[in-house]
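Accompanying notes for the structure given below.
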Amino acid sequence: MPELPEVEVTRLSFASRIEGAQVTGVRLGKPLRWPLGCPPEALVDRRVGAVTRRGKYLWLPLGAGGLLMHLGMSGSLAFGDTMAAPGPHDHFDLVTGRGTLRLTDPRRFGAVVWSPSPDAGLVATLLGRLGVEPFDAAFDGAHLHAALRRRKVAVKQALLGGAIVVGAGNIYACEALFEAGIDPRTRSDRISRPRAERLAQAVRSTLGRAVELGGSTLRDFRDAHGTAGAFQIQAKVYGRAGEPCRRCDGTVRRIVQGGRATFFCPACQRR
DNA sequence: AAGTGGACCTGCTAGC
DNA sequence: TGCTAGCAGGTCCACT
């Protein structure tokens, strides 16, 4: 469900409220992508530190170690002191003195993994393959250009992969390419330096704007307050196959790349 | 090494 | 109205 903006908005909505709280209990539902990695009781009495984000992952420090959380395709987090009885899709509750953090995830592609350190084991492996943060100074046209030059896959797939830059999922990758005027089928190594510059800028502005607007193009997105996403961000191409382009008089097209839907305007976006 | 396709799991929608 | 096929925001892993 969530791409970087949704994950970041979620983080901002509960991080300051949970920080400093002490864990009093843990409840597990059905299995997620990976096992928790420790007995649930081992989390009790630990104190929650400052929640951070890396790509689409959240890191929740608990004493010396912490929990790595991912929302997968359909996950969301809620934090509150009056939690309803867990439903069939509520697979993780972290009960603290200040409220309960609950992961709801129907498809269970999400994850909650304990690690004694973000630099150890599975967590280190997962975080280790991630590309740069889009808002990091290290992510600019030069960086993107150099990384794309080493790849032959279509630029859309290179963006989605997350090994170059993290955070742009299927929706925002489509939107950023539209904003940059680049055909998603263009081979990565054929993207010129100026176009890489424009694309880097488009990735940053697309994701940044989505974070600022607190939300999302996702219909069912809610932050951890349960605040319904206002659906403030209008997708220019995503999900609009057959509809008129918002910039020219062309028609938005849907193709499949690497098994995922891609939406673009063939008139506005060039190879 | 890089690219490709299948896998994970459930819910919703469109179409018959 | 009810069933089925197809699709969905992610990303790991095995294989070529």
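Note on naming: letters A, B, ... go to the chains in the order of the sequence lines (proteins, then strands), and numbering restarts at 1 for each one.
Residue H70(A) places at least one side-chain N or O under 4.0 Å from the OP1 or OP2 atom of dT11(C). One finds a side-chain N or O of R260(A) lying less than 4.0 angstrom from the OP1 or OP2 phosphate oxygen of dG10(C).
Mapped onto DNA chain C by nearest heavy atom, R107(A) and L122(A) fall at different nucleotides, with R107(A) at the one closer to the 5' end. Nearer to the 5' terminus of DNA chain C, by closest-nucleotide assignment, is the contact made by A261(A) (compared with the other of W34(A) and A261(A)).
Taking only side-chain atoms of Q157(A), from C-beta outward, the nucleotide of dG11(B), dT4(B), dA8(C) with the closest atom is dT4(B). Proximity note for H89(A) (side chain, C-beta onward) versus dT11(C), dC12(C), dG11(B): the nearest is dG11(B). Closest to the side chain of K152(A), from the set dG3(B), dG11(B), dG10(C), is dG3(B). The side chain of R254(A) approaches dC7(C) more closely than any other nucleotide in the set dT10(B), dT11(C), dC7(C). Picking from dT11(C), dC9(B), dC13(C) the nucleotide with the shortest atom distance to the side chain of R129(A) gives dC13(C). Comparing dG10(C), dC12(C), dC9(B) by their closest approach to the side chain of R108(A) singles out dC9(B).
Residue-level contact check: R151(A) touches the backbone only, with heavy atoms under 4.0 Å from sugar-phosphate atoms and none from bases. Among the protein residues, G259(A) comes within range of no part of the nucleic acid, since none of its heavy atoms lies under 4.0 Å from any strand.
The two residues W114(A) and G37(A) have their closest heavy-atom pair at CD1-O, 3.9 Å. The minimum heavy-atom distance linking A261(A) with K156(A) is given by the pair O-NZ, 3.4 Å.
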Per-nucleotide pairing state of DNA chain C [Watson-Crick or G-U, under 3.5 Å; [ ] pseudoknot-crossing; | other strand]
.|||||||.|||||||
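Comparing the P positions of dC12(B) and dT11(C) gives an interatomic distance of 23 Å, to the nearest angstrom. Comparing the P positions of dG6(C) and dG6(B) gives an interatomic distance of 15 Å, to the nearest angstrom.
Between E8(A) and R11(A), at least one side-chain nitrogen of the basic residue sits less than 4.0 Å from a carboxylate oxygen of the acidic one, meeting the salt-bridge criterion. Between K56(A) and E3(A) there is no salt bridge, since no side-chain nitrogen of the basic residue lies less than 4.0 Å from a carboxylate oxygen of the acidic one.
With T186(A) as reference, I191(A) is the one residue of L177(A), I191(A), L148(A) to meet the side chain to side chain contact (heavy atoms under 4.5 Å, CB included) rule.
Aromatic ring pairs are classed by plane angle as parallel below 30°, tilted from 30° to 60° and perpendicular above 60°; the pair Y238(A) and F263(A) is perpendicular.
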